[in-house]
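As structure tokens, the structure follows; a few thoughts come after it.
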Amino acid sequence: MAKPQIPETLAPDLLERLRARFHPWPLISGWGLTIESVAPGAAVMVLQPTKAVINGSRGTVNGGVLATIADMVSALALSTAFDGAMPFATSDLHIRYLEPARGEVRGEAQVVRISGRSGILACRLTCGEHLVAHSTANFAIKSGIGG
């Protein structure tokens, strides 16, 4: 098969197909997490925190939730090379920076490199103007998908 590539344009219905697939997903259904946008090699998700993701009296978003958002938005960005499909065998997320977030969290991921075997992505999570997390992720692409 040909090496996967980030397309110049996306199918007009891709965003709605991704929303239909992920918004009702049981893991995140009570989180207040939505897919805001996708573009070739990029994705944005927004978390309007609910009680399900807040650390009790501290009022901050749970760090594990932030890591999950970074992984998910990175996978969405990479999925644009596969018309929304996610043919990934594994992901290896590296949180480079993480601090408490209080309020709406915006996750933005961008493909840095893609080959027949993997995709490398960078992700930033912000709360207002403040950076609350920075991560990189390496997604292994299933055998036979890439060239």
Side-chain angles (χ1 to χ4, degrees), residues 4-7 9-115 117-143 145-146:
Q5 297 181 32
I6 301 301
T9 60
L10 300 178
D13 67 337
L14 179 61
L15 180 59
E16 289 312 312
R17 284 188 284 134
L18 288 170
R19 285 178 175 155
R21 188 164 78 205
F22 287 98
H23 286 178
W25 193 30
L27 173 68
I28 64 168
S29 65
W31 286 15
L33 183 63
T34 58
I35 301 168
E36 183 173 291
S37 65
V38 290
V44 176
M45 295 183 86
V46 174
L47 176 77
Q48 293 287 342
T50 65
K51 288 181 181 182
V53 300
I54 298 294
N55 285 328
S57 63
R58 289 182 289 184
T60 57
V61 177
N62 180 283
V65 168
L66 293 175
T68 300
I69 294 168
D71 198 41
M72 290 179 67
V73 71
S74 295
L76 285 173
L78 185 56
S79 80
T80 65
F82 303 95
D83 191 37
M86 297 203 182
F88 316 131
T90 61
S91 68
D92 186 12
L93 180 71
H94 295 269
I95 301 290
R96 306 294 182 191
Y97 175 77
L98 181 66
E99 73 173 41
R102 190 179 315 273
E104 179 183 281
V105 176
R106 181 179 177 86
E108 299 181 35
Q110 180 74 45
V111 173
V112 174
R113 182 180 179 280
I114 188 170
S115 71
R117 293 190 303 251
S118 69
I120 308 294
L121 291 97
C123 177
R124 293 172 46 91
L125 302 182
T126 55
C127 188
E129 296 295 317
H130 302 289
L131 178 69
V132 293
H134 185 267
S135 68
T136 56
N138 180 3
F139 287 83
I141 297 171
K142 290 180 184 175
S143 175
I145 302 293

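- Separation of atoms NE2 (H134) and CG (L125) is listed at 9.5 Å; rounding is to 0.5 Å.
- Distance check, rounded to the nearest 0.5 Å: CG of N62 to CD1 of I54 gives 9.0 Å.
- Residues P40 and L10 have side chains in contact (heavy-atom distance under 4.5 Å, counting atoms from C-beta outward).
- Proximity of L76 to M72: side-chain heavy atoms (C-beta onward) are nowhere separated by under 4.5 Å.
- Rounding to the nearest 0.5 angstrom, the gap separating the OG1 atom in T68 from the CG atom in L47 is 11.0 Å.
- Looking only at side-chain heavy atoms (C-beta outward), M45 and I35 come within less than 4.5 Å of each other.
- Two residues are said to be in side-chain contact when any heavy atoms from C-beta on lie closer than 4.5 Å; F139 and D71 meet this criterion.
- In this structure, H94 contributes its side chain and N138 its backbone to no donor-acceptor pair below 3.5 Å.
- Of the inter-residue distances, the one linking T136 atom OG1 with I95 atom CD1 reads 8.5 Å to the nearest 0.5 angstrom.
- Across every non-hydrogen atom of V132 and C127, the tightest pair is CG1-CB, 3.8 Å.
- Closest approach of G41 to I6, counting heavy atoms only: N-CG2, 3.3 Å.
- Judged by distance alone, with hydrogens and angles left aside, the side-chain atoms of T60 form no donor-acceptor pair with the main-chain N or O of R102 at under 3.5 Å.
- The shortest non-hydrogen separation linking S79 to A85 is CB-O, 3.3 Å.
- The minimum heavy-atom distance between V61 and P49, with the atom names listed, is CG2-CG, 3.8 Å.
- With hydrogens and angles ignored, the 3.5 Å screen pairs no side-chain donor or acceptor of T50 with any backbone N or O of G32.
- A donor-acceptor pair is defined here as one N or O able to donate and one able to accept, closer than 3.5 Å; such a pair exists between the side chain of S115 and the backbone of S118.
- Rounding to the nearest 0.5 Å places CZ of R124 at 7.5 Å from CD of E108.
- Nearest approach of V105 to A101, heavy atoms of both residues: CG2-CB, 3.8 Å.
- Residues R17 and D83 have side chains in contact (heavy-atom distance under 4.5 Å, counting atoms from C-beta outward).
- Under the 3.5 Å distance criterion, the side-chain polar atoms of R21 are left unmatched by any main-chain donor or acceptor of E16.
- To the nearest 0.5 Å, atoms CD1 (I69) and CZ (R106) are separated by 13.0 Å.
- Counting heavy atoms from C-beta on, the side chains of F88 and F82 come closer than 4.5 Å.
- No more than 12 heavy-atom neighbours from other residues, nucleotides or ligands sit within 6.0 angstrom of NE2 on H130.
- Summarising the geometry of A43 relative to V73, their closest heavy-atom pair is O-CG2, 3.4 Å, with the distance given to 0.1 Å.
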